[in-house]
Student: 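One structure, pasted below without further comment.
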Amino acid sequence: MAASRLVVLVSGSGTNLQALLDAIDAHPGGSEGFGAEVVAVGADRANIAGLERAEKAGIPTFVCPVKDYGSRVEWDAALTAATDAYAPDLVVSAGFMKIVGKEFIDRFGGRFVNTHPALLPAFPGAHGVRDALAYGAKVTGCTVHFVDSGVDTGPIIAQGVVEVRDEDDEAALHERIKEVERKLLVDVVGRLARHGYRIEGRKVTIQ
Ligand code: GRF
């Protein structure tokens, strides 16, 4: 069985992308190894480390800045087309900071995975780490989930717990979360690719 084709979407440093690239390099051999290959990396902005990581690995990239399009719907259509051009089996949002629209979800729903730096349904949205800290949560963490039409509301695949420390600021806590998140994302994407999965309502079962 051929390795699953992944398109990874990024908006920043791309350390989650790098964790996937490193895992694939460490387990070559297509479906006998990690079970997936990154065929393209997409972003909503240029000049980010995430794109440099892809270029360094010789992986094609595409950039769809929202401001380049007349409307959000046109941006969504362009992002969908750019992603579709690589015929992904799975799309992974790894720090992609835009909410995709209906066309993208219609095209990739059920095979579009996101990683979020909080224990959903707690603290969804763009500031999950800051919100957990401000709330005084004693534990937080990260969630890998399928993306649905809501914001961080799709069926949960896996979660990792991270203790909040008294001395934490947002950056320190987020860095500790990312250590857990990178391992979780690599584990989940590899298992989804190698074993296949079922989504029934809110329940995800990896075969
Ligand atoms: C991750 O923690 C992700 O959950 C959040 O932004 C961070 C991206 O980190 N949305 P990186 O770009 O993968 O280093």
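These numbers were taken from a predicted model, which means no experiment stands behind them. When a ligand or atom number is given, it counts from 1 through the structure's own listing order.
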Student: Counting non-hydrogen protein atoms only, what is the nearest one to atom 1 (C) of ligand 1? Give residue, atom name and distance.
Tutor: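 Answer, as residue, atom name and distance: Glu181 OE1, 3.2 Å.
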Student: Please tell me whether Ser71 and Glu74 have a donor and an acceptor in their side chains that are separated by less than 3.5 angstrom.
Tutor: yes
Student: What are the two closest non-hydrogen atoms of Leu185 and Ala94, and how far apart are they?
Tutor: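 For Leu185 and Ala94, the tightest heavy-atom pair comes out as CD2-CB, 4.3 Å.
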Student: Of all the non-hydrogen atoms in the protein, which one sits nearest to atom 7 (C) of ligand 1, and at what distance?
Tutor: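 For atom 7 (C) of ligand 1, the nearest protein heavy atom comes out as His174 NE2, 3.8 Å.
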Student: Is the closest heavy atom of Gln18 to ligand 1 under 4.0 Å?
Tutor: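 Contact absent.
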Student: To check your reading of the model: name the closest protein heavy atom to atom 8 (C) of ligand 1, its residue, and the distance in Å.
Tutor: Gly95 CA, 3.6 Å
Student: Name the one of Asn16, Asp187, Thr15 that satisfies side-chain hydrogen bond (donor to acceptor under 3.5 Å, both in side chains) with Arg182?
Tutor: Thr15
Student: For Thr115, is the nearest heavy atom under 4.0 Å from an atom of ligand 1?
Tutor: yes
Student: Under a 3.5 Å cutoff, is there a donor and acceptor pairing between the side chains of Thr115 and Glu181?
Tutor: yes
Student: Taking the six-membered ring for Trp, are Phe146 and Phe112 closer than 6.0 Å centroid to centroid?
Tutor: no
Student: Say whether, by atom type as modelled, one donor and one acceptor occur between the side chain of Gln159 and the main chain of Leu120 under 3.5 angstrom.
Tutor: yes
Student: What atoms of ligand 1 come within less than 4.0 Å of a heavy atom belonging to Met97?
Tutor: 10 (N)
Student: Arg182: heavy atom below 4.0 Å from ligand 1, yes or no?
Tutor: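 Arg182: no contact with ligand 1 (<4.0 Å).
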Student: May I ask whether Gly14 has any heavy atom positioned less than 4.0 angstrom from an atom of ligand 1?
Tutor: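 Per 4.0 Å heavy-atom rule, Gly14 contacts ligand 1.
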